[in-house]
Each structure stands twice: as C-alpha cells, then as structure tokens.
Amino acid sequence: MRWSQTFIPTMKEVPSEAEVPSHQLMLRAGLIRQLMAGAYTYLPLGYRSVRKVSEIVREEMDRAGAIELFMPALQPIEIFERTGRKEAFGNVLFNFEVKRGDRKLHFALGPTHEEVITDLMAKHISSYRQLPVTLYQIQTKFRNEERPRFGVLRTSEFIMKDAYSFGSSLEQLNAAYDAMYNAYCRIFERCGLKYLPVEAESGPIGGDASHEFMVPASNGEDFVVHCPTCSYAANQERAETGRTATLVDPVQAAAAPVTVPTPNAGSIEQVSRLLKADPQSFIKTLIYKADGKPVAVLLRGDHSANEGKVRRATGAASVELADEATILKVTNAPTGFAGPIGLLCPYVVDHDVAKIPVGIVGANAKDAHLTGVIPGTHFEIPRTFDLRNAETGDPCPKCAGALQMVHGIEVGHVFKLGTKYSVSMDARFVDAQEQSHPIIMGCYGIGVTRVVASIVETCHDANGIIWPVNVAPYTVQIIPLNVTDTEVMNVTNKIYGELTAAGIDVLMDDRDQRPGFKFKDADLIGIPLRITVGGKGLAEGITEVKWRASADTHKVSIAETVGFVKNLIDQAR
RNA sequence: CGGGAUGUAGCUCAGCUUGGCUAGAGCGCUACGUUCGGGACGUAGAGGCCGCAGGUUCAAAUCCUGUCAUCCCGACCA
C-alpha cells in the first residue's frame with residue numbers, strides 16, 4: 001500500500017483527552033478516532049491490526065477444534081429474562097423498545113451470547129452422541145459501561161471472540177477447557193504479548209474452574225497477585241494468602257480496656273490521626289449481612305475485606321455490607337464505632353488480628369473507641385480465617401515465596417459454566433441410559449480490540465509504537481527518501497513489488513516530504529521493519545534495513561534486499 | 001452513580017481574575033520560491049456562532065443560571 005493512497009492521519013501533538021500511552025499512541029499513529037465516549041472508529045491502520053489479531057484467534061480456535069458461527073447482536077429481551085440476567089446486568093445491558101406496526105418490541109444488544117447459543121443448542125441437541133462441541137464467533141459486543149475510559153481499553157462497544165463448549169460430562173468440559181486454555185496461551189504468545197494466566201473467582205463449580213489472562217501493565221485496572229518463585233498467580237478477588245491460623249492464649253491479670261472519646265471520628269484514618277496511633281494497631285470491625293443475617297468481620301485496620309473469602313468463611317451463599325439500620329441494631333451506634341466487645345452478632349476473625357498485641361477497637365457506642373484491647377483476652381478468638389485481600393509480601397499459598405502485586409489488563413477469560421444456562425434455557429441431552437441431563441457448558445472470551453490496545457500499551461518507546469511482527473498493520477515499511485528521484489523510485493518500486501508478490505504486507509511512504517518527517521512518522525506508527533532507499537545509499541549500491549525495535553541499521557546491497565528482509569521476517573515469526 | 005476538571009481554528013494552548021478595538025500564538029493546511037538523510041525556511045493566504053440556551057449590561061469569549069459534551073478519581077464491571 002502506498003501511503004498517499006490510504007488514510008493515515010498521524011498527529012505530532014498529544015490529544016488532550018488521552019492519558020494512557022495506548023490511547024495517546026493509537027490516536028497519534030492514526031489507528032483510531034473517537035466518535036463518542038466509549039465508541040471508536042478503527043481507521044485503516046488500526047483495523048488491519050484488529051484483523052491480524054482476529055486471524056490469529058481464528059486459526060488457534062480452529063486448531064483447537066472449535067467451530068465458527070455468527071450470531072445476532074440484536075436479541076429479544078425475553079432470553080435475558082429467562083436466565084435472570086436482565087436484572088444481573090442491569091444498566092450494563094443496552095435494552096430498548098422499538099415500534100413495529102402497532103406493536104412494541106423489546107430488544108437488547110448482546111453483551112455476550114450465552115443466551116443465544118444455549119437457546120440454539122437447546123433446539124438442536126438431543127443426544128449425548130452429538131456432544132461435545134465447541135462453537136465460537138468474533139463479533140461486536142455492547143455493554144453500557146458506567147465509565148468508559150483509557151481509549152479503546154474500556155468501551156461500550158468492542159470486538160470479542162466468544163466461545164462456548166457443550167458437553168455431556170465433566171470430563172468433556174475439562175477437555176474443552178484445557179483445549180481453550182492452551183489455545184489462549186498460543187494466541188497471546190503469537191500476538192507478542194507478555195501474559196499471565198491467573199486463577200479467578202470460579203463461582204459455584206469451585207476448584208480451578210476459571211482463569212483470567214492478564215497482561216501486566218501499570219495502567220491495568222485489575223490487580224494480579226503472583227509469586228515470582230513458583231507459578232502461582234491469581235486475581236485479587238481470588239488470591240489466597242499462605243498465612244496460617246494463629247491463636248493466642250488469654251493474658252492473665254490484663255488491665256481492662258480504656259474508653260476514649262472520638263467525637264465524629266468514624267473512619268480508621270480519622271481515629272488514627274486523633275489518637276496518634278498507627279492503623280496497623282486498629283481492629284476494624286465491618287458488619288456484613290450473610291444470607292440476610294448480620295455477621296461482623298474483624299480485620300487489621302490497614303487491611304481490606306475480601307467478600308468471597310468472607311462468604312466462604314461464613315458458609316453463606318451471598319454476602320453484602322450491612323445497611324445503617326442493621327449496624328445500629330448490632331452495635332448500638334452509627335457506622336464507624338463497631339467493635340468486637342459487646343457486639344450483638346457473631347463475628348469472624350482474620351489471621352492477622354490475633355497477632356495484634358494491643359489494639360484499638362470501636363466501643364459500640366457513638367463517638368467512642370476502646371484502647372488497650374488484647375485479642376483473645378478481651379474478646380474470644382476461637383478460630384481465625386483468611387478474610388482479606390492478599391497484599392505484597394504475604395506468604396505464597398503454594399511455596400515458601402512472597403507474593404507480589406502487579407496491575408494487569410484482562411484480555412481473556414476461560415470459565416467452566418456448568419449447567420447454569422442449560423438449566424434456565426432448557427438445553428438438555430439424553431445419555432446412553434435414556435436419562436435426561438442439562439448440557440454442561442464452558443465459556444471462553446478474548447477481547448480482540450483490547451488485545452490490540454494492550455499490545456500498544458506494552459510495546460512502545462518515546463518515539464511511538466513498536467509492533468510485534470505478527471500483529472503489525474504492515475510488516476515492512478519502505479521509505480524512498482526522495483520521491484522525485486527516478487533512480488530512488490525505481491529501486492523502491494522494485495523492492496515493493498517483489499515483497500508484495502511474496503505475500504508480505506508493505507507500506508510505501510511515497511509522500512513528497514523531507515526525510516526527517518517520514519522517519520518520525522515511521523517511528524510513530526511502528527512498522528517492525530524499515531527499508532530506507534536514498535541517494536547516498538544508492539551511490540554505494542545499498543539500501544538500509546532496520547528493525548523498529550533496534551538502533552542497528554543493516555546496509556544491504558540492492559539486489560539482496562528482498563531476500564534479506566524475507567529472511568528477517570521468517571526468523572522473527 | 002458520587003467527587004473533581006475542561007470546553008476558544010484540524011491539533012496543542014493563550015486571552016476570562018478586573019466586560020470595551022477587527023479574538024490571538026505555535027503546529028497543521030493552501031499557493032509560490034528556496035531547501036532536501038531525523039518533524040526546514042521565507043513570502044502571501046484560507047480557516048472561529050469562543051460547546052449550546054437563557055439572563056445581566058449601552059456592551060459578554062470574559063459575569064450569572066441552566067444544559068450538553070469530554071477527561072480524571074472513586075463506586076460498578078455475568
């Protein structure tokens with residue numbers, strides 16, 4: 001492609017609305033333009049990368065035995081009512097009414113396609129002999145993001161690959177899951193991304209039923225907890241800590257706790273400032289409702305509760321922070337003054353609370369706290385649990401190492417669904433004994449456009465993008481330094497023609513611009529290989545070949561240039 | 001949805017506090033000339049409903065009210 005014949009609007013200056021590197025660079029390099037918050041046009045260059053990633057995804061899905069189909073984005077609201085996800089999605093689901101004749105129809109735009117595909121399978125699968133099968137599509141998804149941000153990393157409309165497996169047994173589910181997991185590793189590998197498969201919250205199935213694929217990036221919205229010594233990695237929701245139970249014996253002849261006034265100081269931060277005490281010496285008492293019943297969670301003051309862990313520790317199906325009225329009922333005080341002593345509900349205690357020698361707690365009375373509280377002495381600790389989010393330095397649950405936290409961008413998710421949707425959509429099969437069962441499902445997603453943004457986010461330098469070879473919009477950029485020089489253009493056209501004929505994507509910068517201008521643009525758009533053809537080189541009979549990622553320039557004879565470049569590409573793939 | 005910020009040329013921004021000439025700069029764009037191996041220079045130009053609506057005033061980019069949009073922090077994210 002000749003630059004003058006395509007559409008690559010590059011920008012020298014950083015648009016003021018863009019904060020993170022991927023957003024800035026994608027705008028500046030002419031990859032995307034914003035239509036409104038959360039919706040972007042992919043310009044020719046950006047769309048080429050989207051297609052390269054899609055093609056890699058497609059090849060690996062096919063290799064893993066998944067079958068491609070294409071489902072409607074426009075869906076009747078009824079199917080979301082059947083699975084209860086109209087409520088579960090809430091505002092995130094685009095749903096609206098349209099008139100058709102004198103009728104009103106209620107539609108949704110698909111945020112994902114479990115309902116549609118399960119409905120399809122329900123109608124066509126009847127026997128275990130038809131299973132297993134895994135289907136996928138690459139399609140635009142719609143989610144009414146409360147807060148679109150970071151350019152293309154979080155949008156209301158995005159391209160996603162979603163796959164769904166259907167099986168008659170857990171063995172079939174596990175096989176499909178493993179096939180997808182391995183395919184994902186190959187996909188991200190081929191895209192040139194550094195990625196981390198992490199254990200994620202797995203819902204009702206439990207075990208290792210869900211993994212997220214995260215790209216470590218400082219602007220990532222998620223936290224990944226991982227152990228550098230072993231391979232343990234999990235998201236913050238899920239991450240266990242290797243801490244163990246600590247029980248303390250009651251101290252004999254301990255002084256009683258002292259009540260101190262703390263007017264209008266209901267947060268740890270306020271009280272610690274008022275009493276000039278470190279938050280680590282506080283025992284934070286959070287009132288939750290576990291299946292509707294109040295239960296208190298005791299944590300060290302500087303820690304944050306993990307609701308999944310609280311749910312498991314209390315054995316409840318659902319857990320939420322209690323409302324003001326419940327707090328008043330069990331603590332006789334407004335929010336901010338809860339403590340374990342004299343509390344009118346049961347409590348669970350985090351491991352680290354028992355290690356606080358002498359702590360500060362809420363007094364269960366308005367505007368008062370207790371100091372000099374000894375855990376295990378002034379309130380009982382029959383047992384301790386892991387109730388908080390993992391933090392840097394916590395012991396690894398799998399080895400002797402220490403955990404680290406990194407930010408990450410979620411680019412993929414594999415999930416063992418079980419029978420949630422097949423039950424509600426009535427997708428069943430009969431086994432060899434003529435017994436009917438719901439189909440066992442898995443779902444597997446990759447955010448294709450988010451993959452592209454993640455690549456830009458992690459592969460760039462001060463001058464612009466540095467595309468990995470397999471996902472670059474073009475593989476080679478050839479720059480004739482003087483387009484009015486016949487000799488230069490003859491050589492350029494010859495190399496361009498031969499590389500194109502060899503099936504290599506080449507972009508020729510045929511604009512009548514000064515060399516510096518073109519070099520800057522080339523660095524910005526980040527095509528991996530650059531061939532420079534200029535008068536000085538031609539005088540020596542050479543062209544210059546350079547990787548975008550490296551400062552080294554190879555001087556290659558004109559005749560050998562095409563072969564040399566083909567060779568480099570082959571090695572890089 | 002809570003908190004904060006910003007809307008002036010295609011892009012980046014000044015002007016607004018203290019209302020008053022024809023609303024500015026740099027980059028980009030057009031024409032001509034000189035240049036031509038890392039975002040050249042000169043000359044001459046084009047380009048603005050100062051986000052939108054209402055109000056105050058003799059007079060509003062500037063003050064007031066409302067509204068819309070975008071960005072950031074937080075909450076949310078099967």
Side-chain angles (χ1 to χ4, degrees), chain A residues 9-20 23-24 27-28 30 33-40 79-80 83-93 108 110-115 118 141 143-151 153-156 158 160 162 164 200-204 210 212 219 221-222 235-237 307 320-321 409-410 413 415-418 420-421 424 441 443-445 447 450 462-464 479-485 488 509 511-525 530 532-540 542-544 546 551 553 555:
Chain A
T10 57
M11 285 189 280
K12 190 150 74 168
E13 296 194 77
V14 181
S16 57
E17 78 258 29
E19 205 87 346
V20 300
H23 191 193
Q24 293 179 349
L27 287 167
R28 288 187 57 212
R33 282 297 180 271
Q34 185 181 59
L35 176 63
M36 58 179 181
Y40 287 81
I79 58 175
F80 290 96
T83 57
R85 289 216 295 177
K86 186 177 174 228
E87 281 67 39
F89 273 119
N91 245 344
V92 173
L93 187 68
T112 170
H113 281 70
E114 278 83 358
E115 282 82 0
T118 310
K141 302 289 190 239
R143 293 181 194 181
N144 181 28
E145 283 297 342
E146 296 292 330
R147 190 181 156 207
R149 65 186 122 174
F150 301 146
L153 273 174
R154 187 166 203 82
T155 52
S156 295
F158 55 95
M160 182 170 156
D162 47 325
Y164 306 90
E201 200 47 61
S202 52
S210 171
E212 288 170 351
N219 287 305
E221 296 183 83
D222 298 299
N235 70 13
Q236 191 169 36
E237 260 187 315
E307 293 193 2
E320 57 177 350
L321 272 173
I409 301 165
E410 182 188 350
H413 196 165
F415 197 95
K416 295 181 188 174
L417 278 176
K420 178 174 178 247
Y421 294 96
S424 54
M441 293 174 57
C443 69
Y444 317 92
R450 193 180 265 189
N463 294 318
I479 303 182
L481 289 182
N482 184 353
V483 296
T484 58
D485 183 318
V488 168
D509 190 349
R511 295 174 299 173
D512 187 7
Q513 292 286 357
R514 298 163 66 82
F517 184 94
K518 295 205 217 185
F519 287 140
K520 288 288 183 189
D521 258 357
D523 286 347
L524 179 58
I525 70 171
R530 186 179 88 190
T532 307
V533 182
K536 283 185 189 170
L538 292 193
E540 299 173 49
I542 55 119
T543 66
E544 289 160 35
K546 179 184 169 298
T553 301
K555 294 190 175 187

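Reminder, nothing fancy here: chain letters follow the sequence lines and each chain counts from 1.
Atom CZ in A/R514 sits roughly 11 Å away from atom P in B/U35 (whole-Å rounding). The separation between A/E544 atom CD and B/G37 atom P is 12 Å, rounded to whole Å. Protein atom CG of A/N91 is 15 Å distant from nucleotide atom C1' of B/A78, rounded to whole Å. If you take CZ of A/R143 and P of B/A78, they are 8 Å apart, rounded to a whole angstrom. What separates NZ of A/K546 from C1' of B/G37 is a distance of 14 Å, to the nearest Å.
B/C64 and B/G24 have their C1' atoms separated by 27 Å, with the value rounded to a whole Å.
Checked options A/I79, A/T112, A/V92; the residue passing with A/R85 is A/T112 (criterion: side-chain contact (heavy atoms from CB on, under 4.5 Å)). For the side-chain contact (heavy atoms from CB on, under 4.5 Å) with A/K518, the lone residue among A/L481, A/D523, A/V483 that qualifies is A/V483. The only option from A/R28, A/R511, A/R514, A/R530 that meets the salt bridge (charged side-chain N to carboxylate O under 4.0 Å, His left out) definition with A/D521 turns out to be A/R511.
Taking a pair as Watson-Crick or G-U with both hydrogen-bonding distances under 3.5 Å, the stems of three or more pairs touching RNA chain B are B:1-7 with B:68-74, B:10-13 with B:24-27, B:29-34 with B:40-45, B:51-55 with B:63-67.
Put simply, the side chain of A/R530 and the base of B/G38 share a donor and an acceptor less than 3.5 Å apart. Looking at A/D521, its side chain comes within 3.5 Å of the base of B/G39 through a donor and an acceptor atom.
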inquiry  = Could you walk me through whether A/E114 and A/L417 satisfy the side chain to side chain contact (heavy atoms under 4.5 Å, CB included) test, starting with their C-alpha distance in whole Å, then the side-chain angles of each, then the deciding distance to 0.1 Å, before giving a yes or no?
reply    = CA-CA 10 Å; A/E114 278 83 358; A/L417 278 176; 4.0 Å; yes
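Atoms OH and CG, from A/Y444 and A/D162 in turn, are 12.5 Å apart once rounded to the nearest 0.5 Å. From A/F519, atom CZ reaches atom OG1 of A/T532 across 4.5 Å, with rounding to the nearest 0.5 Å.
Counting only distance, with no hydrogens or angles, the side chain of A/R450 and the backbone of A/L153 share a donor-acceptor pair below 3.5 Å. Judged by distance alone, with hydrogens and angles left aside, the side-chain atoms of A/S424 form a donor-acceptor pair with the main-chain N or O of A/K420 at under 3.5 Å. Side chain of A/Q24 to main chain of A/E19: a donor-acceptor pair is present (N/O by atom type, distance under 3.5 Å, no hydrogens or angles). Here the side chain of A/R143 pairs no donor or acceptor atom with the backbone of A/L93 at under 3.5 angstrom.
Residue A/E146 has its side chain nearest to B/A75 when only B/A75, B/G38, B/A78 are considered.
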Please produce a list of atom pairs where a protein N or O lies less than 3.5 Å from an N or O of nucleotides 69-73 of chain B.
{"residue": "B/U70", "atom": "OP1", "partner": "A/A37", "partner atom": "N", "Å": "2.8"}
{"residue": "B/C71", "atom": "OP1", "partner": "A/Q34", "partner atom": "NE2", "Å": "2.9"}
{"residue": "B/C73", "atom": "OP2", "partner": "A/R147", "partner atom": "NH2", "Å": "2.4"}

inquiry  = At under 4.0 Å between heavy atoms, how does the protein contact nucleotides 24-33 of chain B? Give one character per nucleotide, 5' to 3', with B, S or -.
reply    = --BS------
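When each of A/P15 and A/L524 is assigned the nucleotide of RNA chain B with its nearest heavy atom, A/P15 is the one assigned upstream, toward the 5' end. Between A/F89 and A/V533, the one whose closest nucleotide on RNA chain B sits nearer the 5' end is A/V533.
Using a 4.5 Å heavy-atom threshold, the side chains of A/Y421 and A/E115 count as touching.
Using a 4.0 Å heavy-atom criterion, one finds that A/G535 contacts the bases of the nucleic acid, with or without backbone contacts as well.
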